[in-house]
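The first residue in the sequence is number 1, and the count goes up from there.
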Amino acid sequence: MNAINKAIDSIIAAAPPIEPEDYIGPDGLLYCGKCHTPRQYRLNNLGDMRVVPVLCKCQMAAEEAERQEAERRRFEKRVDRLRRNGLPEPESRYSNFDADDQSNPKVSTAVKKYADEFDAFSKINMGLLLYGPVGTGKTFYAACIANALIDRGIPVLMTNFTRIINTMQGLFEGRQDYIDSLNDYKLLIIDDLGVERESEYMQEQVYNIINARYESRKPLIVTTNISMDEIKNPKDAQRHRIYDRVLEICFPVKVDGESRRRENVKKTYDERRKLLGL
């Protein structure tokens, strides 16, 4: 009994201060002067009537707004952490669909649809193979997908085989654990397949990484400058294994057209020439 009374006393002591506009209602209880709902409640504690504080509607609304703001800040911190961890190349963190110039509208629509409906594509373990000439926007499109998913709190890693294998070579043990850790991400994006060294060791590791992703039944996005003809007709058995595995889980999307990279360089060059007055 004493414990209950002490708890009630603590609640009463912690009550928010009475505001000047608050008033006593016809029932003898304190009311909020803003929303005109009770700030007190009569509690029957085994025959002992006690008046205890309660939250009025505007206080409850303020507490809910505060809770939502705290949740928003926590979510923003999580998204920021996911972006820094998942996009090691800082430039990729600024790629988003709003910045897409729609120079390749079919591809723009396809990759945006993939991001918007990622949950459905993930369930069927469908990734993308973005292939085409240098500079046409494959990395940009992949980064747009990554940022769109990260904005929703979905863990994504966008990296390349050179970075992965350099990390592996720096490990004295636990290399398989590291490969397995790549599959903790809901989406893994491997940029620039084909630019890694052509050694037997490198090609074997590339296959191991792709195969581990395949076995995890989680989607993979790969970008490459390799033509579809070479992907379908690789020059050796090692690449045959790699490309076959990629095509099993990645739907090919051709990204062609004018080189965005060349256009960006020209635009930057013209802007700087004007700054110099030339």
Side-chain angles (χ1 to χ4, degrees), residues 88-89 92 104 106-108 110-111 113-115 118 121-122 124-146 156-171 175-176 178-183 185-262:
E89 296 292 342
S92 296
N104 199 332
K106 285 187 177 180
V107 175
S108 295
V111 295
K113 183 179 180 65
Y114 185 87
F118 176 74
F121 289 115
S122 181
I124 61 174
N125 189 26
M126 176 181 158
L128 298 175
L129 171 62
L130 303 178
Y131 72 97
V134 174
T136 51
K138 300 180 295 297
T139 298
F140 169 77
Y141 286 128
C144 285
I145 293 172
V156 178
L157 175 63
M158 182 171 177
T159 185
N160 55 61
F161 286 116
T162 301
R163 185 188 295 273
I164 291 173
I165 292 169
N166 284 344
T167 300
M168 289 171 57
Q169 289 176 332
L171 298 173
R175 292 184 180 183
Q176 186 58 51
Y178 171 68
I179 292 177
D180 292 342
S181 74
L182 300 176
N183 296 323
Y185 294 89
K186 296 287 187 181
L187 175 64
L188 177 63
I189 300 174
I190 304 290
D191 195 31
D192 268 347
L193 170 66
V195 301
E196 63 279 349
R197 296 191 305 274
E198 295 192 5
S199 69
E200 184 176 341
Y201 171 81
M202 176 66 84
Q203 296 303 310
E204 185 63 27
Q205 296 311 312
V206 168
Y207 176 79
N208 288 340
I209 293 161
I210 292 174
N211 189 59
R213 190 68 185 181
Y214 169 84
E215 292 180 347
S216 75
R217 297 200 55 78
K218 291 182 179 178
L220 170 71
I221 290 179
V222 173
T223 76
T224 184
N225 301 328
I226 302 170
S227 69
M228 185 52 63
D229 182 62
E230 185 180 345
I231 291 171
K232 290 182 176 179
N233 302 284
K235 60 185 179 181
D236 56 50
Q238 282 186 319
R239 286 174 178 77
H240 195 283
R241 293 171 71 213
I242 293 169
Y243 300 161
D244 272 5
R245 197 53 110 200
V246 168
L247 289 174
E248 281 189 74
I249 56 175
C250 298
F251 186 83
V253 176
K254 187 175 184 180
V255 184
D256 54 9
E258 295 296 323
S259 172
R260 290 178 181 230
R261 194 172 302 163
R262 192 175 298 116

Subject >> Donor-acceptor contact present, side-chain Lys138 to main-chain Gly132, <3.5 Å >> reply: yes
**OP:** Heavy atoms only: give me the nearest Ala212-Ile179 pair and the separation to one decimal.
**Re:** CB-CG2, 3.8 Å
Subject >> Value rounded to 0.5 Å, distance of CD in Gln205 from CD1 in Ile242 >> reply: 10.5 Å
**OP:** Indicate yes or no for a side-chain donor-acceptor contact from Asn211 to the backbone of Tyr207 under 3.5 Å, with no hydrogens or angles considered.
**Re:** no
Side-chain donor/acceptor pairs under 3.5 Å, residues 157-164, sequence neighbours excluded:
{"unit_1": "Asn160", "atom_1": "OD1", "unit_2": "Thr162", "atom_2": "N", "d": "3.2"}
{"unit_1": "Asn160", "atom_1": "OD1", "unit_2": "Arg163", "atom_2": "N", "d": "2.7"}
{"unit_1": "Arg163", "atom_1": "NH2", "unit_2": "Glu89", "atom_2": "OE2", "d": "2.6"}

**OP:** Determine, stepwise, if the pair Leu193 / Tyr243 fulfils side-chain contact (heavy atoms from CB on, under 4.5 Å).
**Re:** CA-CA 10 Å; Leu193 170 66; Tyr243 300 161; 4.1 Å; yes
Subject >> Nearest-0.5 Å distance, CD of residue Gln203 to CG of residue Asn208 >> reply: 11.5 Å
Original post:
Between Pro234 and Ile231, which heavy-atom pair has the shortest distance, and what is it?
Top reply: CD-O, 3.6 Å
Subject >> From OG1 (Thr136) to CG (Asn225), nearest 0.5 Å >> reply: 7.5 Å
**OP:** Mind running salt bridge (Lys or Arg N to Asp or Glu O under 4.0 Å) on Glu204 and Arg241 for me, showing each step along the way?
**Re:** CA-CA 10 Å; Glu204 185 63 27; Arg241 293 171 71 213; 3.4 Å; yes
Original post:
Could you go step by step and tell me if Tyr201 and Ile165 meet the side-chain contact (heavy atoms from CB on, under 4.5 Å) rule?
Top reply: CA-CA 10 Å; Tyr201 171 81; Ile165 292 169; 4.1 Å; yes
**OP:** State whether the number of non-hydrogen atoms from other residues, nucleotides or ligands found under 6.0 Å of Glu200 atom CD is greater than 12.
**Re:** no
Subject >> Point-to-point distance, once rounded to the nearest 0.5 Å, from CD of Gln238 to NE2 of His240 >> reply: 13.0 Å
**OP:** State the CG-OH distance between Leu128 and Tyr141, to the nearest 0.5 angstrom.
**Re:** 12.5 Å
**OP:** Quick one: closest heavy-atom pair of Ile221 and Ala142, and the distance?
**Re:** CG2-CB, 4.5 Å
Original post:
For residues Thr223 and Asp191, is any side-chain donor paired with an opposing acceptor at under 3.5 Å?
Top reply: yes
Original post:
After noting the C-alpha distance and the side-chain angles of Thr224 and Val246, does the key distance pass the side-chain contact (heavy atoms from CB on, under 4.5 Å) rule?
Top reply: CA-CA 11 Å; Thr224 184; Val246 168; over 6 Å; no
Subject >> Nearest atoms (heavy-atom pairs only) where Leu220 meets Cys250 >> reply: O-SG, 3.2 Å
Original post:
Any donor-acceptor pair under 3.5 Å linking the side chain of Asn125 with the backbone of Ile249?
Top reply: no
Subject >> Met126 versus Tyr114, closest heavy-atom pair with distance >> reply: O-OH, 2.7 Å
**OP:** Please round to the nearest 0.5 Å and tell me the distance separating atom NZ of Lys254 and atom CG of Leu130.
**Re:** 13.5 Å
**OP:** Using a 4.5 Å cut-off on heavy atoms from C-beta on, say whether the side chain of Lys186 contacts that of Ser122.
**Re:** no
**OP:** Could you tell me whether a side-chain N or O of Ser92 sits under 3.5 Å from a main-chain N or O of Ala143, the two making a donor and an acceptor?
**Re:** no
Subject >> Ile209 and Leu182: CA distance, side-chain angles, deciding distance, side-chain contact (heavy atoms from CB on, under 4.5 Å) verdict >> reply: CA-CA 9 Å; Ile209 293 161; Leu182 300 176; 4.2 Å; yes
Subject >> Polar side-chain atom of Lys218 near backbone of Asn183 as donor-acceptor pair, under 3.5 Å >> reply: yes
Original post:
Looking only at heavy atoms, what is the nearest atom pair of Ala146 and Val156, with distance?
Top reply: CB-CG1, 3.8 Å
